[in-house]
Amino acid sequence: MTFTHRHLLGIEHLRQDEITTLLDLAEDYVTLNRATQKHGDALAGLTQINMFFENSTRTQASFELAGKRLGADVMNMAMQASSITKGETLIDTAMTLNAMHPDLLVVRHPHSGAVDLLAQKVNCAVLNAGDGRHEHPTQALLDALTIRRAKGRLHRLNIAICGDIAHSRVARSNIILLGKMENRIRLIAPPTLMPSGISEFGVEVFDDMAEGLKDVDVVMMLRLQRERMDGGFIPSSREYYHRYGLDAAKLAYAKPDAIVMHPGPMNRGVEIDGTLADDINRSVIQDQVEMGVAVRMAAMDLLARNQRALQGGAA
Ligand code: ASP
């Protein structure tokens with residue numbers, strides 16, 4: 001098995017073959033999740049704790065379901081917003097939890113790097129469920145699985161990532177993953193939402209949707225991360241929608257069979273036209289949610305196997 005990590009902290013640590021291993025295993029879990037009996041036993045007897053220091057709907061639900069389907073005891077900790085500003089508290093919380101012997105810790109935190117720091121302090125496997133604007137590895141993996149299933153491959157595709165690139169961990173993890181799998185990536189955003197120096201990552205940069213979307217296979221829209229903006233990054237929601245919101249007219253610049261993605265939660269009429277988001281002939285947004293559970297099952301399964309191997313048990 002080519003996946004030897006102790007934690008899943010970011011796509012930057014994964015090799016191409018490891019990404020493929022994880023996606024292949026996730027395919028098995030897609031099948032299991034579509035069956036009437038959805039139970040596996042890969043995590044039987046293990047304890048999974050979800051610690052979300054930032055709001056989440058689909059990611060937390062998805063990790064919870066993934067753990068339960070594989071037989072883990074899953075606990076959701078209600079993390080208070082007040083505890084997140086104190087660096088000490090994060091480590092204290094980690095040490096307290098560590099003493100309870102969890103096997104898997106799923107962590108979301110508003111500060112970039114906080115999850116890596118926590119991983120250094122505990123004995124169990126840590127999965128990054130999103131840290132600040134740094135990484136959101138399971139999102140990129142579920143996006144990759146969705147693309148691979150829709151397009152039949154995950155290489156040599158033209159993929160446009162559009163919107164609030166500057167504040168997005170989804171964009172960052174996707175740029176790294178899709179680049180490792182040898183795709184051509186185009187970033188489309190107003191200059192205020194495009195990180196400086198980004199073209200060094202081997203991507204093409206556009207500030208115009210008509211130019212950027214020309215002949216792409218995949219259009220990935222992003223949410224405006226207002227919680228990470230401390231000023232006026234866009235003139236108004238209306239103006240933003242007019243220039244960067246995806247509607248049928250702008251999508252017509254892409255290939256006729258281009259798919260439309262959004263990680264959610266989406267702002268209809270700001271980032272994307274509501275009718276287009278619901279159009280099952282173009283939008284794979286619901287598939288992304290489905291793939292999310294399967295990818296998280298695969299990730300926790302692989303980490304649990306590695307943990308058993310480290311402890312000298314059956315691999
Ligand atoms: N759910 C994704 C995240 O946590 C995307 C978003 O919130 O816009 O980063």
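Order of appearance sets the numbers: ligands from 1, and atoms from 1 within every ligand. Start at 1 with the first residue, then count along the sequence.
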For H134, the option from R169, E12, H111 that meets side chain to side chain donor-acceptor pair (under 3.5 Å):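 When side chain to side chain donor-acceptor pair (under 3.5 Å) is applied between H134 and each of R169, E12, H111, only E12 qualifies.
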
Transitive ILVMFWY cluster of I285, excluding itself - 4.5 Å side-chain cut-off: I188, L193, F206, M209, L213, V216, V219, M221, L224, M229, F233, I234, Y240, Y244, L246, L251, Y253, V260, M266, V270, I272, L276

Can you work out which protein residues put a heavy atom within less than 4.0 Å of ligand 1? R108, H136, R169, V170, R223, Q225, G264, P265

May I have all residue pairs that pass ring pair (Phe, Tyr, Trp, His ring centres under 6.0 Å) and include part of residues 4-52, sequence neighbours excluded? F3-H5

Could you give the distance from CZ (R15) to NZ (K180), rounded to the nearest 0.5 Å?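 Answer for the CZ-NZ pair, R15 versus K180, is 9.5 Å.
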
Please enumerate all residues that pass salt bridge (Lys or Arg N to Asp or Glu O under 4.0 Å) together with K151, with sequence neighbours excluded. D257

Do the charged groups of R308 and D103 touch, with an N to O distance under 4.0 Å? no

